[in-house]
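For reference, the structure is listed below as structure tokens.
Keep in mind that what you see is a predicted model, and the values were worked out from it rather than measured.
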Amino acid sequence: MEQTEIYGFDMIQVKDILNIMKRKKAWLIDLRGEEAYRNGHIRYAKNYPIEYIDEWRREIPEKAGLILYCEHGNQSLLAARKLRGRKGKVYTVTGGYQAFLKEEGKDDMGMLWKKD
């Protein structure tokens, strides 16, 4: 966890999302654009595009934990760096939405699949 100490956020795996959401009552944030979000997203995720981070970060309670993901994981790292210093813990999903899609069909991921 050396990265956590240096950068002020935790990098997590897709399999950790649901557990952190339950234990820490963290918000799941999809940083991709609205169209990408509409085309598919992780269940329970709220769409807050990264380009509007300065606006939406004020809407979220300071103490709320945040689990951030983007398409591949790069944008969520940038957002996490910008959000460090919050009272609530910040997590980024390694590999982003694409890592989530690779988990398709695994039993423990069923709770996170968005149903239309």
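- Residue pairs meeting the salt bridge (Lys or Arg N to Asp or Glu O under 4.0 Å) criterion with at least one partner in residues 61-82, sequence neighbours excluded, are Arg32-Glu71, Asp54-Lys82.
- Classified by interplanar angle (parallel below 30°, tilted 30° to 60°, perpendicular above 60°), the ring pair Tyr48/Trp56 is tilted.
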Assess whether side chain to side chain contact (heavy atoms under 4.5 Å, CB included) is satisfied between Ile29 and Ile60, documenting all intermediate values. CA-CA 11 Å; Ile29 306 292; Ile60 299 173; 4.1 Å; yes

Given the rule in the side chain to side chain contact (heavy atoms under 4.5 Å, CB included) test, do Ile20 and Asp10 qualify, once you have shown the distances and angles that lead to the verdict? CA-CA 11 Å; Ile20 291 170; Asp10 284 343; over 6 Å; no

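- Looking at heavy atoms from C-beta onward, Tyr37 lies out of side-chain contact with Pro49 at the 4.5 angstrom threshold.
- One N or O on the side chain of Arg86 and one on the backbone of Pro61 form a donor-acceptor pair closer than 3.5 Å.
- To the nearest 0.5 angstrom, Tyr69 atom OH is 9.0 Å from Leu31 atom CG.
- Residue Ile12 forms a side chain to side chain contact (heavy atoms under 4.5 Å, CB included) with just one option from Thr94, Ile67, Asn19, and that option is Ile67.
- Annotation: the span from Leu77 atom CG to Cys70 atom SG amounts to 7.0 Å, rounded to 0.5 Å.
- Of all the heavy atoms in Gly40 and Tyr97, the pair that sits closest is C-OH, 3.2 Å.
- With values rounded to the nearest 0.5 angstrom, Tyr91 atom OH is found 12.5 Å from Leu28 atom CG.
- One finds the CZ atom of Arg84 at 12.5 Å from the NZ atom of Lys89 (value rounded to the nearest 0.5 Å).
- Between the CZ atom in Phe100 and the CD1 atom in Ile42 there is a gap of 5.0 Å [rounded to 0.5 Å].
- For the atom pair CG of Asn47 and CD of Glu35, the computed distance is 11.5 Å after rounding to the nearest 0.5 Å.
- For the pair Val90 and Ala80, the tightest heavy-atom approach, listed with the atom from each and the gap, is CG1-CB, 3.8 Å.
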